[in-house]
Amino acid sequence: MTTKTKKINSKKSQLQTTYEPKKVEDKIYKTWEKSGYFNPDKLPDKKSRKKSYFIPMPPPNATGILHLGHSLMLAIQDAQVRFHRMRGEKTLWIPGTDHASIATQNVVEKLLLKKGVTKEDLGRVNFLKEVDKFVKDSKNTIKTQIKKMGSSCDWSRERYTLDAGMTEAVQTIFVNMYNDGLIYKGWRMVNWCPRCVSTLADDEVDHKEIEGNLYYIKYPIKDGGFLIVATTRPETMLGDTALVVNPKDKKYLDFIGKISQVPLTQREIPVLSDSYVEMEFGTGVLKVTPGHDPNDFALGKKHKLDVIDIFDDMGKISDKASEYHNFAKYKGLDRFEARKKIIDDLKKEGSLVKIEPHKHNVGHCYRCKTIIEPKISEQWFVSVNKKIRGGKSLKQKAILAVKDKKIEIIPEKFNKTYFNWMNNLHDWCISRQIWFGHRLPVYYCGDCENTMVQIKRPKQCAKCKSKKIKQDTSTLDTWFSSGLWTFSTLGWPKKTKDLKEFHPASLMETGYDIIFFWVARMIIMSEYALKTIPFKKVYLHGLVLDKKGIKMSKSIGNVINPLKMSEKYGADATRLSLIIGNSPGNNLKLSEEKIASFRNFSNKIWNISRYIILNKKDKKPASKKLTLPDKWILKKLENLTKDVTQHYEKIELSLAGEKLREFIWGDLADWYLEISKTQEKDVLNQVLKQVLILSHPLLPFLTEYIWETAEFKKGPKKLLMVEPWPAITKASKNKPAQVEKEFEMLKSIITSIRNVRAEYKIEPKQKISAVIYSKEEKILTSVKPAIEFLSGLSHVTIKKTGEKPENSSEIILKKASIYIPMGDLTNKEKEVERIQKELKNAKDYKLVIQKKLENENFIKRAPENIVKEEQKKLKEQNMLIKKLEEKLKL
RNA sequence: GGGCGAUUAGCUCAGUUGGAUAGAGCGCUUCGUUGACGUCGAAGAGGUCAUAGGUUCGAAUCCUGUAUCGCCCACCA
């Protein structure tokens with residue numbers, strides 16, 4: 001063994017043949033963190049970083065474990081952040097968590113219930129302590145998970161929607177909006193969740209079709225006769241305050257103005273007329289329950305009807321109403337128990353005419369799936385229609401931001417969705433009866449009931465000087481605080497340096513499912529607070545589904561855990577599997593096999609690098625001495641750089657990833673690296689270096705690890721994550737195209753020889769020889785060893801022209817004829833069959849071209865260059881056919 | 001009820017402003033222990049681009065209708 005091989009072998013023992021992400025990822029992440037480069041203030045070459053780039057990370061809910069949707073978001077954002085950082089921009093990515101009031105409170109409530117404790121047992125203060133404890137834990141879990149994915153976010157700026165700064169921001173904007181008359185308190189019909197015991201915003205209600213019944217109930221009329229009413233919710237009859245018919249409905253003309261009695265309670269209600277009533281639906285008679293239906297509420301208002309609230313906050317028949325309105329026997333019953341009981345009683349009384357099955361849409365709480373109860377309640381609202389600065393409402397400002405293209409939504413199709421929703425936007429109910437969240441900065445005087453809206457708790461009533469001050473018990477909708485995320489994370493309401501430097505954000509990347517909840521709210525809030533857009537671009541990703549396209553859920557058992565996948569296949573492979581084959585706004589079907597296939601890819605990159613590192617011998621050729629393959633791979637690399645850069649710019653990460661894979665696996669590994677084995681010198685090192693840079697945004701761990709192993713750079717700024725992005729060169733177009741053509745010829749020679757080998761089942765071990773006649777003799781001779789090596793030839797003879805060797809298989813290419821002496825293997829029949837197949841192919845293709853050229857209009861109207869190209873193709877095809885036919889004659 | 005989108009190989013998807021015989025990955029078939037890699041390599045099979053029309057010299061790509069699927073929004077009791 002020579003000294004040289006010994007040296008290689010010792011190095012080799014350090015370089016495993018398989019890449020083991022588990023062993024390197026945590027270490028690499030720590031190196032990054034230690035460098036401080038996640039923080040834009042600590043980036044190298046600070047002075048030259050003029051442009052700033054900012055992404056506020058959508059804060060995951062503080063409820064715990066991250067899922068693949070989060071991994072997807074992290075992968076996309078990290079790729080963007082790394083790309084912009086390497087491009088020399090002052091790049092900031094702020095991480096954080098959202099307190100997610102209802103969601104988190106529900107989770108903690110459930111946990112406590114397992115121990116048999118209710119939140120009421122604990123009381124508000126102690127319950128909140130429990131929540132805080134829970135949140136602290138899950139925040140840490142989240143942080144660890146974000147790091148595991150390789151996210152290069154600035155932890156020194158980490159935020160939480162309930163931290164002191166955020167709270168200040170929330171209170172400030174609340175007070176300002178109140179003073180501007182944009183926030184008001186009022187009695188409205190709201191969506192009430194009896195399980196959460198709280199209001200919900202309109203968009204927090206999921207409408208689902210359920211199989212219900214239509215109950216036909218007889219309402220007696222005082223002067224005799226009766227009306228039959230159809231309803232899906234018989235229990236609400238306890239709160240009926242009128243019957244209404246359509247004035248055009250001849251059947252009921254005589255009843256208008258009469259008095260009816262509500263069955264079971266005998267309460268008297270009028271029979272009115274209103275064109276709102278559909279004559280075709282049910283019996284054409286509508287019972288009006290203004291307390292428990294938004295339409296009935298509107299109708300009730302119009303006809304000045306009483307409102308009877310029959311339920312308490314938990315959705316049970318209320319004590320007060322039941323006694324006052326004569327239905328005490330239902331007191332305390334739950335909504336659905338009451339329904340059963342009432343149906344029974346109606347049957348007994350003979351008032352129930354019939355029951356028909358009926359499908360209808362019912363609102364459900366988006367958090368706990370409980371059926372929503374419309375309810376009249378005094379709540380706080382943000383007015384979206386009140387005109388403010390510039391005579392425009394918040395709604396109008398938010399619409400204009402997108403209409404005027406100040407904000408670009410990717411993919412574009414969501415523009416329509418956005419406008420559609422915005423145009424139909426009603427005032428936003430922002431108060432919740434949840435304990436966990438931002439308390440409203442609203443105080444009441446215990447004596448004179450004066451309302452004071454201010455950040456600090458008043459010491460005494462501003463009016464009557466009373467010291468009995470109570471704070472409003474409601475908390476704010478979670479989205480109210482997350483709506484401020486783009487600027488509250490930067491220190492607003494303080495006029496910070498960060499705010500000046502980074503707002504509006506460069507990109508908001510989030511799921512399309514929260515475009516209304518969040519994206520729209522951020523636009524509204526930023527337009528109000530900062531008079532500007534919150535971000536320049538919105539990129540909306542889709543949902544991550546299982547292999548079959550079904551949503552992942554614990555109950556189905558089809559959940560893929562991103563951490564387990566990263567553990568098993570590497571964070572880089574997991575990231576790639578989420579990015580490649582995915583496009584904005586579309587859902588992604590993911591399987592473990594897909595992740596595994598990208599593990600294979602990272603291993604391939606590792607082994608390519610391993611080979612290059614172990615064979616690194618300072619053997620870069622002088623630029624004048626570049627071989628055809630050298631020039632070709634460099635040209636390919638140049639194209640790749642241009643394409644990939646553009647794809648990153650346009651956030652077309654899937655395309656960037658595919659281009660990289662194509663180059664690395666196809667061009668580099670399968671062709672150039674193999675050919676380099678036949679060359680004294682090569683450009684492998686230089687190509688690898690640039691490939692690592694280009695791939696870093698997508699595969700940060702692996703590329704950084706190889707960068708370090710290959711010792712591409714030494715010194716303090718040696719990390720790949722801050723390596724400058726390569727410039728896109730403007731090379732002349734003609735010459736490189738020539739290089740590509742020549743290399744394509746080389747490839748087709750090699751491929752066709754391999755082809756013949758496969759057809760004749762020539763063992764790879766068995767070396768054969770070949771003769772090539774080509775006008776390109778010179779260039780082919782220059783790559784002779786490559787041809788021999790890659791097609792398994794013992795020897796190849798290359799000449800301009802010559803005799804056809806005896807007993808040989810013949811391959812006719814456009815620019816070369818190849819003869820492989822077959823000796824014993826000669827098989828005339830097979831040879832004829834093969835050539836005939838080729839001939840048929842060639843003729844079919846010729847026909848296609850001919851058809852085009854025979855079309856007069858094509859010649860007349862198609863652009864000249866296209867016509868010329870077709871003519872050239874026809875010529876080539878004719879020659880090929882001629883050669884093949886000649887061969888058949890022999 | 002209104003709106004949006006999809007339909008390309010067995011599966012998952014690419015396919016820029018219309019321009020070669022429509023591509024990739026996975027899967028499948030055959031072959032292979034070449035000193036980077038079997039988490040690999042070579043060769044191959046596989047598609048009337050949902051459907052019917054239209055525009056065009058030329059359509060997977062643009063327009064219209066139809067079918068199927070999906071999503072979002074919506075106050076018919």
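A, B, ... follow the sequence lines: proteins, then strands. Residue 1 opens every chain.
B/rC40: Watson-Crick or G-U partner is B/rG32, with both key distances under 3.5 Å. The base-pairing partner of B/rA45, taking Watson-Crick or G-U wobble contacts with both distances under 3.5 Å, does not exist among the strands shown. In this structure, B/rA22 forms no base pair with any nucleotide, since neither Watson-Crick nor G-U wobble geometry is met with both distances under 3.5 Å. Across all strands shown, nothing is found opposite B/rU17 as a Watson-Crick or G-U wobble partner with both distances under 3.5 Å. Pair assignment for B/rG58 gives none, since no Watson-Crick or G-U wobble pairing has each distance under 3.5 Å. Using N1 to N3 plus N6-O4 or O6-N4 for Watson-Crick, or N1-O2 and O6-N3 for G-U wobble, each under 3.5 Å, B/rG5 pairs with B/rC69. Under the Watson-Crick and G-U wobble criteria, each requiring two contacts below 3.5 Å, nucleotide B/rA52 is paired to B/rU64.
For the side chain to side chain contact (heavy atoms under 4.5 Å, CB included) criterion with A/Pro234, the lone passing option out of A/Ile343, A/Asn213, A/Ile355, A/Leu214 is A/Ile343. Screening A/Val519, A/Ile409, A/Val538, A/Leu540 for a side chain to side chain contact (heavy atoms under 4.5 Å, CB included) involving A/Tyr512 leaves a single residue, A/Leu540.
Between A/Ile787 atom CD1 and B/rU34 atom P there is a gap of 23 Å when expressed in whole angstrom units. If you take CE of A/Met422 and P of B/rG3, they are 21 Å apart, rounded to a whole angstrom. One interatomic measurement links the two molecules: CZ of A/Phe414 to P of B/rC73, which rounds to 11 Å at whole-angstrom precision. One interatomic measurement links the two molecules: NE2 of A/His426 to C1' of B/rA74, which rounds to 10 Å at whole-angstrom precision. Rounded to whole Å, the distance from OH on A/Tyr845 to P on B/rU21 is 5 Å. As a whole-Å value, the separation of A/Asn685 CG from B/rA36 C1' is 15 Å. Put simply, CG on A/Leu543 is 9 Å from P on B/rC72, counting in whole angstrom units.
Of all nucleotides listed (B/rA36, B/rU39, B/rA77), B/rA36 comes nearest to the side chain of A/Leu673. Checked against B/rG19, B/rC37, B/rA77, the side chain of A/Phe281 finds its nearest nucleotide in B/rA77. For A/Ser583, counting side-chain heavy atoms from C-beta on, the closest listed nucleotide (B/rA74, B/rC26, B/rA14) is B/rA14. Checking B/rC40, B/rA43, B/rA77 against the side-chain heavy atoms of A/Asn600 singles out B/rC40 as nearest. Listed nucleotides B/rC76, B/rU21, B/rC13 differ in distance to A/Lys589; the shortest reach to its side chain belongs to B/rC13. Closest approach to the A/Glu278 side chain among B/rC4, B/rA77, B/rA36 is made by B/rA77 (side chain taken as heavy atoms from C-beta onward). For A/Thr231, whose side chain is taken as the heavy atoms from C-beta onward, the closest listed nucleotide among B/rC37, B/rA77, B/rG19 is B/rA77. Nearest to the side-chain atoms of A/Lys416 among the listed nucleotides B/rA43, B/rG25, B/rC4 stands B/rC4. For A/Tyr276, counting side-chain heavy atoms from C-beta on, the closest listed nucleotide (B/rC40, B/rC75, B/rU30) is B/rC75. Of the candidates B/rA20, B/rC75, B/rU39, B/rC75 carries the atom nearest the A/Asn295 side chain, counting heavy atoms from C-beta on.
For a distance-only test at 3.5 Å, the side chain of A/Lys604 qualifies as a donor-acceptor partner of the base of B/rC37. A donor and an acceptor atom never sit less than 3.5 Å apart when one is taken from the side chain of A/Gln16 and the other from the base of B/rA36. Residue A/Lys413 places no side-chain atom within donor-acceptor reach of the base of B/rA6, judged by atom type and a 3.5 Å distance cut-off alone.
Rounded to whole Å, the P atom of B/rC28 lies 44 Å from the corresponding atom of B/rG54. Nucleotides B/rC49 and B/rA20 have their P atoms positioned 16 Å apart, rounded to a whole Å. The separation of B/rA59 from B/rC40, taken at their P atoms, amounts to 41 Å, rounded to a whole angstrom. Rounded to a whole angstrom, the distance from the C1' atom of B/rA9 to that of B/rG44 is 14 Å. Distance noted for atom C1' between B/rU55 and B/rG3: 27 Å (whole Å). B/rA45 sits 28 Å from B/rU51 when the C1' atoms are compared, rounded to a whole Å. On the C1' atoms, B/rU48 is 12 Å away from B/rU8, given to the nearest whole Å. Taking atom C1' on both nucleotides, B/rC13 is separated from B/rC72 by 24 Å, rounded to a whole Å.
Relative to the six-membered ring of A/Tyr705, A/Lys23 misses at least one condition, a distance below 6.0 Å or an angle of at most 45° to the axis.
Residue-level contact check: A/Pro374 touches neither bases nor backbone, having no heavy atom under 4.0 Å from any strand.
Atom NE2 of A/His541 sits about 12.5 Å away from atom CG of A/Leu653, to the nearest 0.5 Å.
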